[in-house]
Structure formats: structure tokens, C-alpha cells
Amino acid sequence: MKLNLLSCDAQRPDKRAIAKCIEEISLSIGASLSHELTDILLEGDAVDIEVKDKNSGSALRALRKLDIDYEILE
């Protein structure tokens, strides 16, 4: 499943937790790329990631917990 991460609405976003979440739920994103994508997301730009299908429910819950707005592309 492909997701478009739109924004993070948390007052004080936890960059480390967001990067770790992206790394854990994505199909092929490593630690350094997840930190780059987190910076891009927090600057206000959308980020596309591909999520493992078997973990899609828990991935969406984790994103909601971090106050990350997303849209499902596929």
C-alpha cells in the first residue's frame, strides 16, 4: 500500500519517533532516509512511502498517534 504523508499537526513533533516509525512501517526505507523524510515532512512538504500490506492497520494507527495526516494512494 502506498501512503502520502501530508503533514504533522503535533505541537512539538518528536523527530526521532517519526523517523523510527517511518523506518519500521515502510517497505524499503533505512534509518538515514527516514530522518531525511522526517525533515521534509516537518518542513511542510508531502512524502510518499510504501507500507508493508500485512502491517497496514498498525502502520496507520502509529501515524495517527504521531498526529501525521496521510492519504492512501493505493
Side-chain angles (χ1 to χ4, degrees):
M1 169 179 16
K2 290 187 180 183
L3 295 177
N4 189 11
L5 306 181
L6 303 172
S7 64
C8 181
D9 295 333
Q11 278 190 314
R12 296 179 60 199
D14 185 351
K15 291 173 77 171
R16 186 179 307 150
I18 294 170
K20 185 176 178 183
C21 179
I22 290 173
E23 182 181 0
E24 288 178 357
I25 66 173
S26 67
L27 199 54
S28 61
I29 294 178
S32 62
L33 182 55
S34 69
H35 285 283
E36 284 183 46
L37 294 176
T38 299
D39 290 338
I40 292 169
L41 179 66
L42 294 178
E43 288 174 2
D45 295 326
V47 174
D48 291 337
I49 63 170
E50 191 165 344
V51 177
K52 304 169 191 170
D53 285 331
K54 67 178 182 175
N55 296 335
S56 60
S58 59
L60 298 178
R61 273 191 302 280
L63 293 172
R64 285 192 299 268
K65 185 176 179 181
L66 292 168
D67 290 326
I68 297 175
D69 291 330
Y70 61 87
E71 67 180 354
I72 299 172
L73 300 176
E74 287 182 17

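All values reported here derive from a predicted model rather than from experimental measurement.
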Q: Can you see which heavy atom on C8 is nearest to which on L66, and at what distance?
A: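 Scanning both residues, the minimum pair turns out to be SG-O, 3.6 Å.
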
Q: To the nearest 0.5 Å, how far apart are OG in S28 and CD in E23?
A: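 Between atom OG of S28 and atom CD of E23 there are 11.5 Å.
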
Q: Once rounded to the nearest 0.5 Å, what's the spacing between atom CG of L41 and atom NZ of K15?
A: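 Result: 11.0 Å between the selected atoms.
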
Q: So, for M1 and S56, which heavy atoms are closest and what is the spacing to 0.1 Å?
A: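 Looking at all heavy atoms of both residues, the closest pair is CE-CB, 2.7 Å.
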
Q: Among L73, I22, I72, which residue satisfies the side chain to side chain contact (heavy atoms under 4.5 Å, CB included) criterion with L3?
A: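 With L3 as partner, side chain to side chain contact (heavy atoms under 4.5 Å, CB included) holds for just one option, I72.
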
Q: Do V47 and T38 pass the side-chain contact (heavy atoms from CB on, under 4.5 Å) test, and can you show the C-alpha distance, the side-chain angles, and the key distance before you say yes or no?
A: CA-CA 9 Å; V47 174; T38 299; over 6 Å; no

Q: Would you call L6 and I68 a side-chain contact if the rule is heavy atoms closer than 4.5 Å?
A: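 L6 does not reach I68 side chain to side chain.
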
Q: For I25 and I49, run side-chain contact (heavy atoms from CB on, under 4.5 Å): C-alpha distance rounded to whole Å, both residues' side-chain angles, the deciding distance at 0.1 Å, then the answer.
A: CA-CA 9 Å; I25 66 173; I49 63 170; 4.0 Å; yes

Q: Are side-chain heavy atoms of L27 and V51 found at a separation under 4.5 Å?
A: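 They are not in side-chain contact.
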
Q: Can you check whether L5 reaches E71 side chain to side chain, under 4.5 Å on heavy atoms?
A: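 No, every pair of side-chain atoms sits at 4.5 Å or beyond.
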
Q: Got K2 and D48 here, is their nearest side-chain heavy-atom distance under 4.5 Å?
A: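 Side chain of K2 against side chain of D48, heavy atoms only: no contact under 4.5 Å found.
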
Q: Test your reading of the model: is there a side-chain donor-acceptor pair from S34 to the backbone of A19, 3.5 Å cut-off?
A: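 Flag set: sc S34 to bb A19 pair under 3.5 Å.
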
Q: Answer whether the closest heavy-atom distance between the side chains of D69 and D9 falls below 4.5 Å.
A: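 Side-chain contact under 4.5 Å: yes.
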
Q: Which distance, rounded to the nearest 0.5 Å, do you find between the OG of S7 and the CG of D67?
A: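 Answer rounded to 0.5 Å: 9.5 Å.
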
Q: Heavy atoms, side chains only, cut-off 4.5 Å: are I18 and P13 in contact?
A: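 They are in side-chain contact.
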
